[in-house]
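Please read all numbers here as calculations on a predicted model, not as lab measurements. Keep in mind that the numbers below use all heavy atoms, side chains included, and drop hydrogens, waters and symmetry copies.
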Amino acid sequence: MKGGGGGGSGASAYGFPAKRRWKGLVIGVLGLVFLSMLVPLVFLLGLYNGFHTTAGYASDSQSSKPDVFQPNAIEPKKEVEGFIDESRETKGLQPSKVEEKPPKVEEKPPKVDALPTHTHENGTKVDGKVQATHRMIAMDESGKPCEWKFGSYCIWREENREVIKDSMINKLKDQLFVARAYYPSIAKLPKQGKLTQELKQNIQELERVLSESTTDLDLPLQIEKKSLNMEAAIVKAKSFPLDCNNVDKKLRQIYDMTEDEASFHMKQSAFLFQLAVQTMPKSLHCLSMQLTVEYFRTDSTNLELSQAEKYADPTLYHYIIFSKNILASSVVINSTVSHAKESGNQVFHVLTDGQNYFAMKLWFLRNSYKDATVEVLNVDHVKLHDEENATFVLPQEFRISFRTLTHSRTEYMSMFSHLHYLLPEIFKNLDKVVVLEDDVVVQRDLSALWSLDMGGKVNGAAQSCHVRLGELKSFLGEHSYNQDDCTWMSGLNVIDLAKWRELDLSQIFRGLVSEKLSKQDKSTDAAALRASLLTFHGQVYALDNSWSVYGLGHDYKVNVQDIEKAATLHYNGYLKPWLELGIPKYKAHWKKFLDREDLFLSKCNINP
């Protein structure tokens with residue numbers, strides 16, 4: 001008995017625990033199977049709700065890698081871009097104590113882009129030159145630097161943005177947005193044909209109204225009723241139990257289409273802005289054609305010969321103007337003569353191309369500027385030793401972009417073209433000249449420039465200390481120069497041609513251009529900028545700030561007192577005073593020197 005009892009007792013001691021272990025194993029396996037099914041479902045739901053985006057849109061939490069800047073990559077572009085937007089990846093903090101340090105701001109090498117001259121037919125100068133100012137870059141609606149992508153158009157857009165009263169327009173657009181999202185789901189419901197038709201009719205009605213209206217004033221009188229009808233239809237649609245995923249997908253599709261459309265219109269606006277500032281207005285083209293035809297109908301040879309003796313007289317005051325624009329060059333001459341104490345000793349040499357030569361010639365023969373003499377030269381017909389660089393090119397303009405992690409700025413420089421370095425050869429009998437650009441207006445007598453002691457320097461110019469040579473080190477290369485020296489601007493330049501010939505600066509310039517191009521850099525504009533800065537290094541006499549104020553072609557905030565006191569106003573920038581896009585408050589200084597009663601101006605519908 002005891003033995004049997006002992007056996008039973010042994011089974012009881014070991015059998016039941018084994019059964020419990022078996023049941024625990026079964027429960028554990030079932031638990032693992034359940035978790036293996038639950039975890040993927042949770043992950044998929046979280047991925048869909050938290051990270052799902054349509055094609056072309058990334059999550060906000062996703063960071064982009066910064067683009068690597070190449071300091072020597074300098075290429076001319078029609079639409080100049082600045083640095084590519086950079087973003088830093090966020091790093092999580094470790095549990096251990098971390099000492100907080102202020103971020104170190106490192107300034108990247110500047111990117112230099114040439115803004116090449118663009119002309120259309122007898123095209124006016126349209127360099128995208130903008131005065132150097134410390135300006136924060138304009139931001140677009142997404143908070144990104146707009147100017148890096150669209151250039152000066154963004155500055156113009158921000159300065160000319162108007163507050164439009166369109167609250168009802170925005171309300172109708174929102175209603176249309178929601179109705180379009182619900183319409184596909186309502187159309188699939190059985191026995192809801194009436195509501196489907198109502199939604200469709202309201203959508204079509206609002207689409208028609210919005211296509212014809214841009215502001216609230218353009219809306220029809222019954223628009224309130226139409227808005228209420230649409231609102232009622234939307235309320236009915238929302239009352240039905242719908243699959244939210246279908247509505248969500250439709251909303252995302254509409255959002256994608258809207259954003260793509262906004263991006264398209266932004267690019268289109270920027271293109272039209274560039275087109276407007278880089279092409280000759282129809283009226284100015286008409287003026288050139290009318291004058292060219294008239295030139296061959298008249299005989300003006302005798303008048304030309306009577307003034308030829310003054311063209312090479314070194315005792316007179318000689319001004320050089322490079323231009324393809326008849327009105328612009330006329331304003332420069334008229335404003336200079338109007339403020340001169342004595343105009344009889346002034347000689348203006350207007351250098352242009354063959355396309356505009358005859359029109360320019362007739363204009364200055366028809367119009368007198370007190371006792372001043374005007375000579376028009378066709379660069380294509382001037383016999384020069386360096387025929388390769390004799391092609392007519394207007395002064396070059398460059399945009400320089402500086403960017404750090406906390407600050408962005410863009411500076412603009414205007415510089416001599418290849419043709420300027422032929423001046424000593426073109427005017428062999430002259431020892432001193434003043435070079436003016438055709439977007440300059442003179443407000444004071446310039447005769448003091450001829451008695452200016454430049455201390456043996458060659459080029460008297462306005463300086464822009466917003467950009468120093470040290471900031472362009474990666475661009476200029478390992479040449480010897482003072483890194484604290486300021487850059488200089490063309491526009492108003494006093495040139496000592498005798499000293500120029502003595503130092504043979506033209507040959508130095510050509511050598512530096514060839515050196516740059518030989519290093520697999522095919523950008524002749526960028527090579528010319530570098531060569532000009534190095535050629536005149538140590539040979540620039542800084543003119544007093546009162547001689548020139550620049551930036552009137554782009555900067556809306558030029559100091560009014562500086563404008564009134566300046567001897568010359570330089571309209572460097574896209575927004576030239578003869579264009580529709582010109583800054584209105586600066587146009588008056590330019591327009592008052594136009595001959596408003598000229599017959600050809602009325603023929604071509606030019607109304608200053």
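With respect to the salt-bridge test (charged N to carboxylate O, under 4.0 angstrom), the residues R252 and D256 do not qualify. Contact check on R530 versus E515 returns a salt bridge, with a Lys/Arg side-chain nitrogen under 4.0 Å from an Asp/Glu carboxylate oxygen. Under the 4.0 Å criterion applied to side-chain N and carboxylate O atoms, R208 and E212 are assigned as salt-bridge partners.
Across all non-hydrogen atoms, the minimal contact from S414 to H570 is OG-CE1, 4.1 Å. The two atoms that bring N325 and L327 nearest to each other are OD1-N, 3.1 Å, heavy atoms only. Minimum interatomic distance between V467 and E471 (heavy atoms only, all atoms of both residues): CA-OE1, 3.4 Å. Residues L172 and L219 come closest through the heavy atom pair CD1-CD2, 4.1 Å. Taking both residues in full, the closest heavy atoms of D216 and S167 are given as OD2-N, 3.1 Å, listed atom of the first, atom of the second, then distance. Closest approach of A237 to L199, counting heavy atoms only: CB-CD1, 4.2 Å.
Here the side chains of Q290 and C604 are in contact, with some heavy-atom distance below 4.5 Å. Residues F240 and L195 have side chains in contact (heavy-atom distance under 4.5 Å, counting atoms from C-beta outward). Side-chain contact between L552 and I583 is absent, with no heavy-atom pair separated by less than 4.5 Å. Between L594 and V331 there is a side-chain heavy-atom pair separated by less than 4.5 Å.
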Open item on the list: Evaluate N605 against K282 for side-chain contact (heavy atoms from CB on, under 4.5 Å), listing each step before the verdict.
Closed with: CA-CA 10 Å; N605 196 27; K282 182 180 179 181; over 6 Å; no

Task: Steps toward side-chain contact (heavy atoms from CB on, under 4.5 Å) verdict (K324, Q355) - done: CA-CA 9 Å; K324 298 180 181 180; Q355 189 174 5; over 6 Å; no

- [ ] Report the C-alpha separation of M489 and M415 in whole Å, then their side-chain angles, then the decisive distance to 0.1 Å, and conclude whether the side-chain contact (heavy atoms from CB on, under 4.5 Å) test is met.
- [x] CA-CA 6 Å; M489 299 278 290; M415 200 62 56; over 6 Å; no

Open item on the list: Test side-chain contact (heavy atoms from CB on, under 4.5 Å) on L284 and I326; report intermediate values, then the result.
Closed with: CA-CA 8 Å; L284 295 185; I326 297 170; over 6 Å; no

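Taking CD from Q463 and CZ from R468, the interatomic distance works out to 9.0 Å, rounded to the nearest 0.5 Å. In this structure, CE on M230 lies 5.5 Å from CD1 on I203, to the nearest 0.5 angstrom. If you take CE on M266 and CD on E261, they are separated by 14.5 Å, rounding to the nearest 0.5 Å. We find the OG-CE distance between S490 and M413 to be 9.0 Å, quoted to the nearest 0.5 Å. Separating the CG atom in L575 from the OH atom in Y556 is a distance of 5.0 Å, to the nearest 0.5 Å. To the nearest 0.5 angstrom, M280 atom CE is 9.0 Å from L287 atom CG.
For residues 174-184, the side chain to side chain donor-acceptor pair (under 3.5 Å) pairs, not counting sequence neighbours, are Q175-S227, Q175-E231, R180-E207.
With 3.5 Å as the limit, one finds no donor-acceptor pair spanning the side chains of S288 and H285. With 3.5 Å as the limit, one finds a donor-acceptor pair spanning the side chains of D218 and T215. Side-chain polar atoms of D438 and S323 form a donor-acceptor pair below 3.5 angstrom. A donor-acceptor contact closer than 3.5 angstrom is absent between the side chains of N572 and H554.
No donor-acceptor distance shorter than 3.5 angstrom exists from the side chain of N356 to the backbone of A359, with no hydrogens or angles considered. Listed for the S213 side chain is a donor-acceptor partner under 3.5 Å among the backbone atoms of V209. Without hydrogens or angle criteria, N229 side chain to N202 main chain gives no donor-acceptor distance under 3.5 Å. Not one N or O on the side chain of S464 forms a donor-acceptor pair closer than 3.5 Å with the backbone of W488. Side-chain N or O atoms of S283 include none that pairs as donor or acceptor with a backbone N or O of I606 at under 3.5 Å. When atom types are taken as modelled, the side chain of Y586 and the backbone of D555 share a donor-acceptor pair closer than 3.5 angstrom. Under a 3.5 Å cut-off, the side chain of Y574 and the backbone N or O of G582 do not form any donor-acceptor pair.
Between W578 and W590, the angle of the ring planes lies from 30° to 60°, which puts this pair in the tilted group.
More than 12 heavy atoms of other residues, nucleotides or ligands shown are found within 6.0 angstrom of NZ on K587. More than 12 heavy-atom neighbours from other residues, nucleotides or ligands sit within 6.0 angstrom of CD on Q268. Around the NZ atom of K173, the shell of radius 6.0 Å holds no more than 12 heavy atoms that belong to other residues, nucleotides or ligands.
Between H589 and Y571, the distance separating the two ring centers is not shorter than 6.0 angstrom.
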